[in-house]
Each structure stands twice: as C-alpha cells, then as structure tokens.
Number of protein chains: 4
Amino acid sequence: MPYKQLKKQQMLSAARRLFTEYGFEKTTMQKIADEAGVGVATVFRYFPKKELLIIEVVKEVIEEMVPRFEAISESTQSGYDKMDAILDAYINYISSANRDAIILLESFEYYIAYNPMEEPLTEEIYQTYTKVERIIDQAIQDGIQDGSISLSSTEQMNATTILNLFGTAIKKHAFNSLLSNVIVPIPTKEQLLQLKSMLLLYLKNASRH
Amino acid sequence: MPYKQLKKQQMLSAARRLFTEYGFEKTTMQKIADEAGVGVATVFRYFPKKELLIIEVVKEVIEEMVPRFEAISESTQSGYDKMDAILDAYINYISSANRDAIILLESFEYYIAYNPMEEPLTEEIYQTYTKVERIIDQAIQDGIQDGSISLSSTEQMNATTILNLFGTAIKKHAFNSLLSNVIVPIPTKEQLLQLKSMLLLYLKNASRH
Amino acid sequence: MPYKQLKKQQMLSAARRLFTEYGFEKTTMQKIADEAGVGVATVFRYFPKKELLIIEVVKEVIEEMVPRFEAISESTQSGYDKMDAILDAYINYISSANRDAIILLESFEYYIAYNPMEEPLTEEIYQTYTKVERIIDQAIQDGIQDGSISLSSTEQMNATTILNLFGTAIKKHAFNSLLSNVIVPIPTKEQLLQLKSMLLLYLKNASRH
Amino acid sequence: MPYKQLKKQQMLSAARRLFTEYGFEKTTMQKIADEAGVGVATVFRYFPKKELLIIEVVKEVIEEMVPRFEAISESTQSGYDKMDAILDAYINYISSANRDAIILLESFEYYIAYNPMEEPLTEEIYQTYTKVERIIDQAIQDGIQDGSISLSSTEQMNATTILNLFGTAIKKHAFNSLLSNVIVPIPTKEQLLQLKSMLLLYLKNASRH
DNA sequence: AATGAATGAGGGTTCATTCAT
DNA sequence: AATGAATGAACCCTCATTCAT
C-alpha cells in the first residue's frame, strides 16, 4: 500500500512541479512521466485522463490550504481575532514557499474557464472553495455575537464582499509574481499588513461611524 | 489603403471575438480566418505569428480602455473627484458590454505567464498597463495638492496599493463571471459602489484618524 | 478542381489498396499518407476521421459495382435473361481483378460489426446495398410478368432467399480466396456456372413440379 | 490439477464471451482477466500470446461443433438421411444459443485474414474445418452406395460445392444477425427449411433429369 | 503459482506555419 | 496580394506484454 501510494505521490509531485512552472497546457503527460521517473503508461494507470491528474493536483493543493483556515475557525478566539488570523494566513501564504500553491489555484481558474469539465470532477473543488468563504462569514458572525465585531446586517454583506475582493486580489498578485517580466506592481508584505489593519479597523468600527 | 486597413480590422475583430469566447489557445488561426472571411494565409500575411495577432488584439483592447482614464486625469476636477470618477469607470466597466475587454485582458495575463514573449512585443502593453497606475497616482497627488485628499506620504503608498488591489480584484471577478459554473460569488454592483464609498472616505479622512 | 479531385482520388486509391491488403484496422493513416505520397495532415484534411475515409472507400467500391447490375436491370431482356446476366455478373466478379472490391466489402461488413458508426454515415451504403436486392426482386417480378419465370408467390420468396444466400456465399468465398493459407475449398468458376444453371432451371420450372 | 484446469476454463469462457460480444481486436487481455476474475499476468501464464488464447477459444468452439456432425456421420442412417440431418444441424445452429459459436467462427475467419499466424497454430483448426467437409462428402458417398442418393460423379462435385456454399452462407447470415443495424435481409428459418427441401430433392433426383 | 505494476511502441488527431498558385 | 493546400511535429491515450513481489 505505501509503495503504491508513494508512486502516486511521486507522480502528483512531478505534475505539480511542472504544472506550476509551465502551466497545465504546456505540461505534457510524457514530461510528467519523465520527471516522475516512470513510463507514460504508468501515469495513465493512475490518472486515466490528464484532466483527472490536474484535478487531483488541484485538490491536493486546496486540501493543504483549507485546514489552516479551519484551524482558525475552530479555535476559541474572538471573531475579531479569527479574522485577524485569517487575513494573516492569506498574507503569509503569498510570501511563503506555498506561494506555488496559489499560483496553481489561480492557474486552474483560468484553465477551467476554457476547458470545462464534467461537474462531478470539479464538484469537490468547488465545495472546498466555498468552504473558505463560509469560514470567513462564520468568523464575522462569531465576532458580531461575541461583540468583537460590530456591523449592521448591510455592512456585514459589504464586509464579506470586501474580504472576498481582498482574497481574490491577493491570489492574483501571487500569481502575477510568477511572471518574471511583469510590470504590474506587486504589493509589499508591509503594505498588505497595513491594509489588513484597515480592514480590521473597519470590522471593529464600521457601525460606529 | 482603407481596404487593407479594413481587412486587418476585420481579422482583429474576428480574433477578438473568438479569443474572448474560447481563449487564446483554443482559438485556431483557421477559425479566425473563417470568422473574418479571409484565407488563413492572409491572416499570416498580416500577423506572421499567432503571438503577434494576440498582442495586437490586446493592444486594441487596452487602447480603448486607457483614454477613459486619461480623460478623467486631464479633466479639471479636484483630485478627489477624479478618483471618484476613476473608481466609477472601473466599476462600470465590468457591468457594461466592455466586460469582454476585461476578460480578454485577464486572459492575456494568464497567457503570457506560460507563453513568455520577446520583450519588444509586450513592452508597449506593459507601458500602457502602468499608465493607469500613474494616472491613479497622479489623481491622488492632485487631490493632496488641491486639498481634496488628505494623506500622509505613507498613507499615499497604501492608497495606491489598495486601489491596485481593488482594480485587480474587479478584473478577476469580471473574468470569473465568464465561468458559468463557477461558485466564487460575484459581487453585485451595489456592493462595489459601497466599497467605492469606503475607499473615497479613506482618501478624504485617512490622516485625520 | 481536377487537381483537388486528383489528390483526393490518390489518397482514396492508396487507402483502398492498403485496406484491401492489410485490412482497415491494420492500415494506419500514416501508411496511407506515405502510400499516397502526402503528409498525414493532408489525409486528415480530406477525411477528418479515419472512419470517413473507410466509408468513402467502401462507397467507391459499391458505386463501381451497382451500375453493372442496374444496367442489367434496365435492359430490355426478359426477366429470366436478366437473372442469367445478374448471376453471371456475380460469378465474373470473383474471378476478375475486381475481386478486390468484394474483399473490401466483405471486410467492411466485419468491421462495422464491432465498430458501429453513426447512422448517417452508413445510411448511403446500406441504401446501395439493398439496391442490388431490389434489382434481383425486380428481375424476378419482370420474369413472372413476361412469362419467362414461373414461380408461385411462396416460391418467389424462396427464390429471393436462395439468390441472397448465393450472393452471400459468393462474396464470402471471394474473401476467403484472399487467405493464402486457407483450406476452405474455393469453388471453381465451372462449379459456380453449374450452380447458376441449377438456379435458372429452378426459376423456370419451380412451379411446374 | 482440476483447479488448474478450472482456472484455464474460466479464462477461456471469459474470453469467449467477450470475443463474441466485442470481437477479437476490441477485447483486451485485461478485460478478459477481469471477467475471469484473475490477474492479467495469469492469463499470460496460460496463454503466452493473445493469439494463443484466440486459437484455443476457436478450437473449443469447433470442437463442440464437429461431434454433432460426426455423430450423424457415424450413425446407421442412409446417406440421404444423413444429409438431411446434417442440413438440419446447420440450420438449427443459427437459431440456437450456439449461434454465438458461429459468430465466433466467422469472426475468426476475418481475423486471420489480416493477422496471419504461424502454421502450426492454425493447423489443427483447419484440420477440423475440413473434417466437416469430408463428412458431407462421405454422407453423399454413402448415399450413392446405398442408393438413397443418385448423382453422377460430376454432379457429386457440384453437390459438394452447393453444400459448401450453403454452409458458408448460413454462417455468414448468422454473423450478420449480430449487427443490429444491418439491412441485409436475414432469411427466416422457414425459408431455410424450404431451401433444405430443395437441396435434398436435388440429391435424390439430380441424375434423373 | 499468481498477480498487480510498469511500460514502450504505436495510433489517431490537431494546428501553427509554409508553399504554390 | 490573396489564398487554399500541404505538412511535420507534437499530443493524448491504449494495449500486449514483461517485471517484481
């Protein structure tokens, strides 16, 4: 069992590396096989379609990511502190080695835009995707109940929107940083932390304006 | 001469339509030729490489876009009002027919990520890209000078970051709305307008906190 | 026009030769291209799927065949003489160079048994297939009306059956003769002619027994 | 020993089922292994080449078939009655469950046409194939000697030819009935029985014309 | 002995690009 | 100048067969 799992993991890792570096389309099954040190047919044994390999890689990435947010969600901090932690997690992601993860995710969103897949395949991914949103919503709810966040119900919707846009932007910027030659300015970590302060301030005081 | 120009425009339009709908990679030169009502070889006469056609289409899109911001920049309003107008322009873009333009741009950012091109080709695009940023910066500068915006120099950097993130997020969301099956929640126009109010409020009052 | 037609014919001929010699499955598109002296992509330009090439080859074969029977059908001979001519045509086919044609047809029947195709593709072939049967039926009808054939209505059905079986067997034997190593005895032309005499005798006299 | 034999039989049966339904080429060794409930490697232990498995399946089919004819041949009936029985056997075959057997045989004839095998492998099959012919010949001989059949020596050759053609056609029609979408008319059992009567009549009376 | 794992050779098909008219 | 025709390189995927346990 561990051997089989090992081989599979080897291929997934090879695929992940190549997908991250060259993108899904430019990475051929043959190259993945070579990188993993196996034959092409072996790759197809484990992932009968390229699509399936892509899906599995993306799932892996997401599944590494979500627990961090879940851990925060399930902690005993105040809602406000949860949001603080969540935003930190976002920001740290793009400076860490796991930045690759975000690049892959971002890339995938583009990929499916023009390579639609059968629903069942992507279902699980979408499930996990929304999980993060629910976690954010929940943190806000928690904060409202424990008094650490004060937002009217309209403001609450806005807060979600804002945080979503923030997440979107962070991920996109992480992706942009892939491009060695891009000129779109990448925000520094300090700038992002400043922005975080602003957002937290908003969560705390919005309704007091 | 107008005939030649016409033919070229016809091809560009065909390409743009197809690129927007099917993406750069899935759109073949043959389909573009068909859509434009010319032969493939003709397309290659005008655009010797697919890359070049892509570049020209993207340039066209950007060049339609920038003047709107430039017009605002060159108007006689206060810096604050310029920012107001700029944010409006952003927001309106994604609900208008020109949403297609944003989709194309976003798509292009992914495309070059994995299909790096010779610098000279993309140079002009990057030039134009940064132009918008400079316009934003300028508007803020103007506002500070005319007193309609009050930001310390640190805050000013933050403001630029924030507005960049805002732009990034808006564009990404416009792209997401392409995906019929995506679950990532698209913000409503109202939510975006609320967010705009917040940003403007920040520009006005940041330094007074 | 004639040039394009020529190229297409060249490929069809190459395909036909190879299909006849090696069968549909063992003949690759690449080999066909080589045999025709063109690139693979060119073959695909004219026949976007291998299936379509197969269909066209088979159609060509059938269309060469049917007119012979139609000519007989439309001639002014008595029904009996038509049958005589039809049987002759059958028999001559398997000894002539056109024996290849029958091999191909027979091979095709096997091919579609396990490679079912979309109806519209095979429709035309089936149409033509049944045409021969209708011609036989018509010849018998003609013979009955002009008195050259005497069959009761039951016998008429039998006659059709018999002639169908005869046709089936002839074709199958022609195919068998492909197999250099086959031991199934191939009937000689003389034997077939004898059999023809029997069948004609039956047509003339059946109802008089 | 019985265990080994059992396993082997299981594989043969699985192969036979799949070969009949999907053809030799479209049936993979893996599917056979699955259907037989063993590993692929095991199939290859017993049948080192796919060819060998095909041969064995075909042999099995033939060996089920021939004894029926042999039984008739060795019975004490008149030659005429033997022929009657032989024709009945043929006809019944194609309506019975054993129709599958004929489909397989027919399929095999096409298969070897384009996948020639080493002589020794097919030798046995050809031996058995001709056995049926010899049985028919023998029955006719018997009939001539016991007076139940009257044919001159030329007629005797014709009779063999006719009966061969009859057998060929019957088998081919059985195969055709596989094809759900075929339009070639399948003769009914009644029509075949009528034809049988004719043939028997011929055997009895040919020389009296 | 039995088996799942591994694989290379090969097949159909696509597409940017070049050629020839 | 305009174009349809031509094409090789590359891609995804399959399968009989061998290997290692």
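To find a chain, count down the sequence lines: A is the first, B the second, and so on, and within it residues start at 1. These figures come from a predicted structure and were not determined experimentally.
- For DNA chain F, runs of at least 3 consecutive pairs of the Watson-Crick or G-U wobble type, with both hydrogen-bonding distances under 3.5 angstrom, map to E:2-21 with F:2-21.
- A residue-by-residue look at Lys31(C) and Met11(A) shows that Met11(A) has its nearest nucleotide of DNA chain E further toward the 5' end.
- In this structure, Lys26(D) contributes its side chain and Asn115(C) its backbone to no donor-acceptor pair below 3.5 Å.
- The main-chain N or O of Ile125(D) is never found under 3.5 Å from a side-chain atom of Thr122(D) such that the two would form a donor-acceptor pair.
- Side-chain proximity of Ala41(C) to the nucleotides dG4(E), dC15(E), dA2(F) is greatest for dC15(E).
- Using a 4.0 Å heavy-atom cutoff across all strands shown, Phe47(B) reaches no nucleic acid atom at all.
- Between Tyr46(B) and Gly37(C), the residue anchored closer to the 5' end of DNA chain F is Tyr46(B), taking for each the nucleotide with the nearest heavy atom.
- Within 4.0 Å (heavy atoms only), Val40(C) reaches at least one base atom of the nucleic acid.
- Sequence order on DNA chain E of the closest nucleotides to Lys26(B) and Arg45(A) puts Arg45(A) first from the 5' end.
- Counting non-hydrogen atoms under 4.0 angstrom, Thr42(A) reaches a base of the nucleic acid.
- The aromatic rings of Phe108(B) and Phe24(B) stand perpendicular to each other, their planes meeting at an angle above 60°, with 30° marking the opposite boundary.
- Comparing Gln30(B) and Lys50(D) along DNA chain F, the residue whose closest nucleotide (by nearest heavy atom) sits nearer the 5' end is Gln30(B).
- Lys59(D) places no side-chain N or O within 3.5 Å of a backbone atom of Thr128(D) that could act as its donor or acceptor partner.
- Phe19(C) places none of its side-chain heavy atoms less than 4.5 Å from the side chain of Val61(C).
- Computed from coordinates, the Glu25(C) CD to dG10(E) C1' distance equals 15 Å when rounded to whole Å.
- At least one side-chain nitrogen or oxygen of Lys49(A) sits closer than 4.0 Å to the OP1 or OP2 atom of dC13(F).
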message = With side chain to side chain contact (heavy atoms under 4.5 Å, CB included) as the criterion, how do Tyr110(A) and Glu106(B) come out once you've worked through the C-alpha distance, each side chain's angles and the decisive distance to 0.1 Å?
response = CA-CA 9 Å; Tyr110(A) 173 64; Glu106(B) 195 70 11; over 6 Å; no

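- Atom CZ of Phe44(D) is separated from atom P of dA1(E) by 18 Å (rounded to the nearest Å).
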